[in-house]
Amino acid sequence: MSRFGFTSTIAIKKPQRVADRYTNERLVYDDVEPVPVEDLVSLQPESSTEVGDRENRIGTVETFRLRTQPGIDLDLDSVDHVLWAGRELEVISEVMRWPHPMRPDGVHHLEATLRFVKG
């Protein structure tokens, strides 16, 4: 096991693209079947921030860094949600696919920043 702790099991929710009555496209995550990811990933906390004013803390925003094992790529896009430990997290960064040093078209690993809002 490496220092990144590839111990987390996740699933990915890809949104449905729905046009509203003005033909604007919306992303809808309800009634979407999550796709389990077979390979374990590393999900490390990055930050936690309380939101609200001085008297009323109304919630928290937590960010996490997702990283795959070397040689593993995922079907993950910046509009997807990740299910992990009973939480639904939003992808809030570009999904970074690091090039493999020995395979010209290969991915060494994937990284993304995720956000969980509570409250």
Side-chain angles (χ1 to χ4, degrees):
M1 179 96 36
S2 81
R3 64 184 172 94
F4 291 107
F6 299 104
T7 60
S8 296
T9 302
I10 63 169
I12 297 172
K13 281 179 80 174
K14 295 205 163 284
Q16 296 177 349
R17 296 175 186 274
V18 178
D20 64 16
R21 64 182 177 178
Y22 303 107
T23 68
N24 297 314
E25 186 178 79
R26 293 184 309 123
L27 301 176
V28 178
Y29 296 88
D30 300 333
D31 300 324
V32 175
E33 190 67 33
V35 177
V37 173
E38 290 183 23
D39 298 295
L40 295 174
V41 300
S42 173
L43 244 167
Q44 301 296 321
E46 282 194 333
S47 68
S48 179
T49 306
E50 291 182 340
V51 292
D53 58 29
R54 288 182 179 229
E55 289 88 35
N56 300 306
R57 301 289 190 256
I58 58 173
T60 58
V61 177
E62 299 173 319
T63 60
F64 298 86
R65 189 68 166 178
L66 168 70
R67 180 183 173 117
T68 62
Q69 299 178 55
I72 303 297
D73 191 5
L74 300 178
D75 182 16
L76 183 68
D77 297 309
S78 61
V79 296
D80 296 340
H81 286 182
V82 172
L83 302 179
W84 168 72
R87 301 174 178 188
E88 186 163 335
L89 301 100
E90 302 171 76
V91 177
I92 60 167
S93 70
E94 178 182 347
V95 177
M96 304 287 292
R97 287 177 169 83
W98 295 90
H100 197 285
M102 300 167 132
R103 290 184 271 152
D105 295 330
V107 171
H108 183 268
H109 70 279
L110 173 145
E111 291 184 32
T113 302
L114 310 177
R115 173 177 59 200
F116 177 70
V117 179
K118 180 180 179 182

### Query
How would you list all residue pairs meeting salt bridge (Lys or Arg N to Asp or Glu O under 4.0 Å) that involve residues 104-114, not counting sequence neighbours?
R65-E111, R67-E111

### Query
For residues 75-98, which residue pairs qualify under salt bridge (Lys or Arg N to Asp or Glu O under 4.0 Å), counting only residues two or more places apart or in two chains?
K13-E88, K14-D75, K14-D77, K14-D80, E62-R87, D73-R97, E90-R115

### Task
Check the hydrophobic clustering (I, L, V, M, F, W, Y; side-chain heavy atoms under 4.5 Å; chains of links allowed) and say if L66 and V95 are grouped together.
yes

### Cluster check L114, I72: I/L/V/M/F/W/Y, side chain < 4.5 angstrom
yes

### Query
Considering residues at least two apart in sequence or located in another chain, which fulfil the side chain to side chain donor-acceptor pair (under 3.5 Å) criterion with S48?
none

### Query
Considering residues at least two apart in sequence or located in another chain, which fulfil the side chain to side chain donor-acceptor pair (under 3.5 Å) criterion with E25?
R17

Using links of under 4.5 Å between side-chain heavy atoms of ILVMFWY residues, direct or through other members, which residues join [X] in one cluster?
X   : value
V18 : V28
V51 : I58, V61, V117
V32 : none
I92 : none

### Query
With sequence neighbours left out, what residues match E50 under side chain to side chain contact (heavy atoms under 4.5 Å, CB included)?
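Per chain and number, E50 pairs via side chain to side chain contact (heavy atoms under 4.5 Å, CB included) with R57, T60.
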
### Task
Apply side chain to side chain contact (heavy atoms under 4.5 Å, CB included) to V37 and list each qualifying residue two or more places apart in sequence or on a separate chain.
I10, I12, L74

### Message
Once you measure the plane-to-plane angle for H100 and H108, does it fall in the parallel (<30°), tilted (30-60°) or perpendicular (>60°) bin?
### Response
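Judged by the thresholds at 30° and 60°, the geometry between H100 and H108 is tilted.
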
### Query
Please, which pairs that meet ring-ring contact (aromatic ring centres under 6.0 Å, His included) have at least one residue in residues 53-73, sequence neighbours excluded?
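Passing the test, one end in residues 53-73: F64-W84.
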
### Message
Strictly by ring-ring contact (aromatic ring centres under 6.0 Å, His included), give each pair with a member in residues 15-53 just once, sequence neighbours left out.
### Response
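Every pair satisfying ring-ring contact (aromatic ring centres under 6.0 Å, His included) with a residue in residues 15-53: Y29-H81.
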
